[in-house]
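Accompanying notes for the structure given below.
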Amino acid sequence: MERTFVMIKPDGVQRGLIANVIGAIEEKGYKLVGLKLLQLTSDKAAEHYIEHKGKPFYDSLLAYITSGPVVAMAWEGPDAVKGIRTLMGATNPLEAAPGSIRGRYALSIGKNIVHGSDSVQSAEREIGLYFSPKELVGYDRGTDKWL
Ligand code: IDP
Ligand code: MG
């Protein structure tokens with residue numbers, strides 16, 4: 001069983017896609033174990049995207065991700081990191097599979113609706129950036145045995 005971090009970026013919130021993004025992940029079968037709406041500070045955004053510091057798109061990425069509220073989530077399931085990346089689609093919506101979240105809702109790489117951890121290690125780091133251990137809720141669902 002794995003946990004991963006997902007964020008609905010400011011464009012997803014502004015465009016009214018919160019329910020669609022959550023619905024896509026929930027319908028697939030993953031379990032929501034942490035959820036909050038928040039406005040990122042520049043410091044938090046820099047910490048989140050530390051791996052991209054110095055890249056040409058870094059400044060615009062920080063401006064974008066702090067431009068409005070975001071929804072931060074932790075999701076659980078077998079191979080959740082890879083599975084949710086697949087569900088999100090490629091970083092560039094032009095290359096994202098048509099049924100994926102980015103394939104369905106996004107037009108450009110600079111406004112691609114969602115973030116998802118790219119490895120188990122990043123997932124652990126990113127969940128820790130946004131949630132304290134007691135804000136994560138593990139529970140059983142009656143449907144777990146059908147997945
Ligand atoms: P990911 O979100 O699919 O993991 P990363 O390579 O980690 O993709 O990039 C982080 C975010 O930075 C992307 O989701 C996108 O919002 C933004 N980004 C990445 N590459 C570019 C670019 O070339 N131009 C503008 N924004 C970019
Ligand atoms: Mg990434």
Side-chain angles (χ1 to χ4, degrees), residues 1-40 44-133 135-139 141 143-144 146-147:
M1 201 53 74
E2 241 169 58
R3 283 181 175 180
T4 191
F5 177 74
V6 174
M7 178 185 284
I8 306 175
K9 296 175 174 181
D11 50 332
V13 173
Q14 292 295 331
R15 289 180 52 205
L17 295 173
I18 295 172
N20 302 55
V21 173
I22 291 178
I25 302 171
E26 197 177 34
E27 284 168 359
K28 177 78 175 169
Y30 297 106
K31 187 189 291 183
L32 185 63
V33 294
L35 174 73
K36 59 176 74 166
L37 177 80
L38 74 162
Q39 168 69 49
L40 295 195
K44 187 61 119 185
E47 213 177 346
H48 179 112
Y49 279 127
I50 193 158
E51 67 174 305
H52 296 303
K53 198 172 171 157
K55 292 187 184 167
F57 59 86
Y58 179 75
D59 288 346
S60 63
L61 176 58
L62 256 53
Y64 161 48
I65 210 69
T66 58
S67 64
V70 299
V71 177
M73 296 174 281
W75 287 88
E76 187 180 277
D79 300 302
V81 171
K82 183 157 189 261
I84 287 181
R85 289 280 293 188
T86 302
L87 209 51
M88 282 169 32
T91 306
N92 186 344
L94 280 176
E95 286 151 24
S100 65
I101 293 168
R102 287 163 170 169
R104 288 176 71 181
Y105 300 122
L107 294 178
S108 65
I109 195 166
K111 298 257 183 322
N112 62 0
I113 306 282
V114 277
H115 165 85
S117 308
D118 62 7
S119 68
V120 172
Q121 200 183 356
S122 323
E124 215 164 280
R125 186 186 81 88
E126 291 168 4
I127 289 172
L129 275 179
Y130 293 92
F131 295 97
S132 69
E135 289 174 325
L136 298 167
V137 184
Y139 55 98
R141 295 179 302 189
T143 48
D144 286 341
W146 299 101
L147 291 162

Revision key, fill the gap. dist L17:CG -> I113:CD1 (nearest 0.5 Å) comes out at 5.0 Å
Check your understanding: Between CZ of R125 and CD1 of I50, what distance do you get to the nearest 0.5 Å?
Key -> 7.0 Å
Among all residues two or more places apart in sequence or in another chain, which pass the side-chain contact (heavy atoms from CB on, under 4.5 Å) test with [X]?
X: A45; value: L40, L62, I65, T66
X: P78; value: M1
X: E95; value: A90, N92
X: S119; value: Q121, S122

Exercise for review: Of all the heavy-atom pairs spanning S117 and E126, show the shortest one and how long it is.
Suggested key: OG-OE1, 2.7 Å
Practice item. Return the minimal non-hydrogen interatomic distance between R102 and V114, and the atom names on each side. Key: NH2-O, 2.7 Å
Review point. With a 4.5 Å limit on heavy-atom distance, are the side chains of L38 and P69 in contact?
Key: no
Check your understanding: Residues in ring pair (Phe, Tyr, Trp, His ring centres under 6.0 Å) with F131, at least two apart?
Key -> none
**Study point:** More than 12 heavy atoms from other groups under 6.0 Å of NZ on K53
**Key:** no
Check your understanding: Mind checking whether H115 and F5 have parallel, tilted or perpendicular rings, split at 30° and 60°?
Key -> tilted
Exercise for review: List the steps and the verdict of side chain to side chain contact (heavy atoms under 4.5 Å, CB included) for I8 and M73.
Suggested key: CA-CA 8 Å; I8 306 175; M73 296 174 281; 3.6 Å; yes
Sequence neighbours excluded and cut-off under 3.5 Å, please list the side-chain donor-acceptor pairs for residues 103-112, or say none.
residue: Y105; atom: OH; partner: N20; partner atom: ND2; Å: 3.1
residue: N112; atom: OD1; partner: K9; partner atom: NZ; Å: 2.8
residue: N112; atom: ND2; partner: T91; partner atom: O; Å: 3.1

Practice item. Please list all pairs passing the ring pair (Phe, Tyr, Trp, His ring centres under 6.0 Å) test where one or both residues lie in residues 52-80, with sequence neighbours left out. Key: Y49-H52, H52-F57
Using salt bridge (Lys or Arg N to Asp or Glu O under 4.0 Å) as the criterion, list what pairs up with [X], not counting sequence neighbours.
X: K36; answer: E135
X: R3; answer: E76
X: D79; answer: none

Atom pairs and distances, side-chain donor-acceptor, residues 28-35, under 3.5 Å, sequence neighbours left out:
residue: K31; atom: NZ; partner: Y139; partner atom: O; Å: 2.4
residue: K31; atom: NZ; partner: D144; partner atom: OD2; Å: 2.9

Practice item. Give a yes or no answer on whether the side chain of K44 reaches the backbone of L129 with a donor-acceptor pair at less than 3.5 Å. Key: yes
Exercise for review: Output, in order, the C-alpha distance, side-chain angles, deciding distance and verdict of side chain to side chain contact (heavy atoms under 4.5 Å, CB included) for L61 and K55.
Suggested key: CA-CA 10 Å; L61 176 58; K55 292 187 184 167; over 6 Å; no
